[in-house]
Amino acid sequence: MAGNDRLDCTLASEKLKALFGIKTLMLSGGGYINGSFFNEGLIDELSIVIAPVTDSSSDTVTLFERGDSLPERIPTEFTLKSVEELKGNGVWLRYIVKN
């Protein structure tokens, strides 16, 4: 278990490391799970693949969302680490958290 009322991402990360030796996680959740890890300061790199495809949906998922139970954070700046052109006209952007 990692939290009583809500997920404690820090505790979950510590348990994954202690129990399974996992030192690096890749988050590919929705905006709320990504936002929860971000809110606890656990994200040090942002990797975004952009593909030139759309479904014209009006309920598009965001990368980061803050649940009502989480405190507000000041905006975090990222520094571009690399850009790579992908097959099919996509791009892979990698950023690190700016100190």
Side-chain angles (χ1 to χ4, degrees):
M1 193 152 95
N4 294 325
D5 299 331
R6 64 178 183 82
L7 175 62
D8 182 331
C9 299
T10 301
L11 180 58
S13 298
E14 290 168 353
K15 285 186 173 186
L16 287 170
K17 184 176 181 182
L19 295 171
F20 304 106
I22 297 171
K23 297 178 184 176
T24 302
L25 291 175
M26 181 188 86
L27 294 177
S28 58
Y32 286 108
I33 192 70
N34 294 347
S36 295
F37 275 82
F38 179 74
N39 198 60
E40 293 186 36
L42 298 173
I43 294 180
D44 61 359
E45 185 173 320
L46 181 60
S47 177
I48 303 171
V49 173
I50 300 174
V53 177
T54 183
D55 65 0
S56 301
S57 177
S58 61
D59 59 348
T60 302
V61 177
T62 60
L63 289 176
F64 298 98
E65 290 195 39
R66 183 182 57 83
D68 294 335
S69 64
L70 297 176
E72 289 190 34
R73 276 188 66 157
I74 59 170
T76 299
E77 240 183 293
F78 291 84
T79 300
L80 185 62
K81 182 177 178 179
S82 65
V83 177
E84 184 178 330
E85 187 175 344
L86 303 173
K87 290 181 182 179
N89 299 311
V91 245
W92 179 15
L93 307 170
R94 292 181 65 197
Y95 296 89
I96 54 173
V97 173
K98 187 174 184 178
N99 291 336

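Model, not experiment: these values are computed from the prediction.
For the atom pair CG of L27 and CD1 of I33, the computed distance is 7.5 Å after rounding to the nearest 0.5 Å. Summarising the geometry, atom CG belonging to L7 is positioned 7.0 Å from atom CD belonging to E40; distances are rounded to the nearest 0.5 Å. Rounding to the nearest 0.5 angstrom, the gap separating the OG atom in S28 from the CG atom in N34 is 7.5 Å. Note: K17 NZ to T24 OG1 = 9.5 Å, rounded to the nearest 0.5 Å.
Smallest separation of non-hydrogen atoms from I43 and V97: O-CG2, 3.2 Å. When all heavy atoms of L11 and M1 are compared, the pair lying nearest together is CD2-O, 4.2 Å. For the pair R94 and S47, the tightest heavy-atom approach, listed with the atom from each and the gap, is CG-OG, 4.1 Å. Of all heavy-atom pairs spanning I96 and K81, the tightest one is CG2-CD, 3.7 Å. Contact detail for S13 and L42: the closest heavy-atom pair is OG-CD1, 3.9 Å.
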Using the side-chain contact (heavy atoms from CB on, under 4.5 Å) rule, take I48 and W92 through it: C-alpha gap first, then chi angles, then the decisive distance, then the call. CA-CA 6 Å; I48 303 171; W92 179 15; over 6 Å; no
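Under the 4.5 Å side-chain heavy-atom criterion for ILVMFWY residues, a single connected hydrophobic cluster contains both F38 and L16. Clustering ILVMFWY residues whenever any of their side-chain heavy atoms sit less than 4.5 angstrom apart, transitively, puts Y95 in a cluster other than the one holding V49. Each of L86 and V83 belongs to its own hydrophobic cluster when Ile, Leu, Val, Met, Phe, Trp and Tyr are linked at side-chain heavy-atom distances under 4.5 angstrom. Under a hydrophobic clustering in which Ile, Leu, Val, Met, Phe, Trp and Tyr are joined whenever their side-chain heavy atoms come within less than 4.5 Å, directly or via other members, L80 and L63 fall into the same cluster. Two different hydrophobic clusters hold Y32 and L46 under the rule that ILVMFWY side chains link at heavy-atom gaps under 4.5 Å.
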